[in-house]
Amino acid sequence: QVQLVESGGGLVQFGGSLRLSCAASGNIFRVNGMGWYRQAPGKQRELVATITSGGATNYADSLEGRFTISRDNAKNTVFLQMNSLKPEDTAVYYCYVSVIESGHLPPDDYWGQGTQVTVSS
């Protein structure tokens, strides 16, 4: 199995910044795509950003320019730098990874426990 540990959430003022991190550990042979999703109360979980093993990124249209996703392949960790935060960014943020486990096929998807981000107005 694979475990994801998220950190970096919290309460910030309008216009502030946060940096989320998510570290994967366990029976990992290779980590493929990684990403961040978020879910606000009463709403569907939505894409924030993704990053491939080769470093190609994809962002939700409304977030591009404010958020930056990156990864450290040596540490199996994905980051989300969040700048110019707005109240509408308030949500639980979930880390996602697609991983090939040692001795297993095909790849499996895993989700972090979620970390709360709250932006005051």
Exam field: side chain Thr90 to backbone Val119, donor-acceptor pair closer than 3.5 Å: yes
Pairs where residues 9-23 contributes a residue and the test side-chain hydrogen bond (donor to acceptor under 3.5 Å, both in side chains) is met, not counting sequence neighbours: Ser7-Ser21, Gln13-Ser120, Ser17-Asn83
Return the minimal non-hydrogen interatomic distance between Val2 and Ala24, and the atom names on each side. CG1-CB, 4.4 Å
What closest approach, in Å, do Leu18 and Gly8 show between heavy atoms, and which atom pair accounts for it? CD2-O, 3.6 Å
Quick one, Ser25 and Val5 - any side-chain contact, counting heavy atoms below 4.5 Å? no
Do Met34 and Phe79 belong to the same hydrophobic cluster, where Ile, Leu, Val, Met, Phe, Trp and Tyr are linked whenever their side-chain heavy atoms lie under 4.5 Å apart, directly or via other members? no
A side-chain contact here means heavy atoms from C-beta on lying under 4.5 Å apart; do Asn27 and His104 qualify? yes
Count I, L, V, M, F, W, Y as connected when their side-chain heavy atoms are under 4.5 Å apart, and connections chain through other members. Are Met82 and Leu47 then in the same cluster? no
Apart from Ile100 itself, residues in the same hydrophobic cluster as defined by side-chain heavy atoms under 4.5 Å: Phe29
From Leu20 atom CG to Gln81 atom CD, the distance as rounded to the nearest 0.5 Å: 9.0 Å
Can you pull out every salt bridge (charged side-chain N to carboxylate O under 4.0 Å, His left out) where at least one residue sits in residues 65-78? Sequence neighbours excluded, please. Arg66-Asp89
Angle class for the Tyr96/Tyr37 ring planes (parallel below 30°, perpendicular above 60°, tilted otherwise)? perpendicular
Any chance CD of Glu88 has more than 12 other-residue heavy atoms, nucleotides or ligands included, within less than 6.0 Å? yes
Pairs touching residues 91-105 that satisfy salt bridge (charged side-chain N to carboxylate O under 4.0 Å, His left out), sequence neighbours left out: none
side-chain hydrogen bond (donor to acceptor under 3.5 Å, both in side chains) contacts touching residues 50-62 (sequence neighbours left out): Arg30-Ser53
Got a donor-acceptor contact below 3.5 angstrom from the Gln39 side chain to the Val92 backbone? no
Which pairs with one or both residues in residues 39-51 pass salt bridge (charged side-chain N to carboxylate O under 4.0 Å, His left out), sequence neighbours excluded? Arg38-Glu46
With side chains defined as the heavy atoms from C-beta onward, is the minimum distance between Asn76 and Val97 less than 4.5 Å? no
Check the orientation of Trp111 and Tyr94. Use parallel for under 30°, tilted for 30 to 60°, and perpendicular for over 60°. perpendicular
Ile51 side, atom CD1; Asn32 side, atom CG - distance, nearest 0.5 Å: 13.0 Å
At their closest point, which heavy atom of Cys22 faces which heavy atom of Leu4, and how far apart are they? SG-CB, 3.9 Å
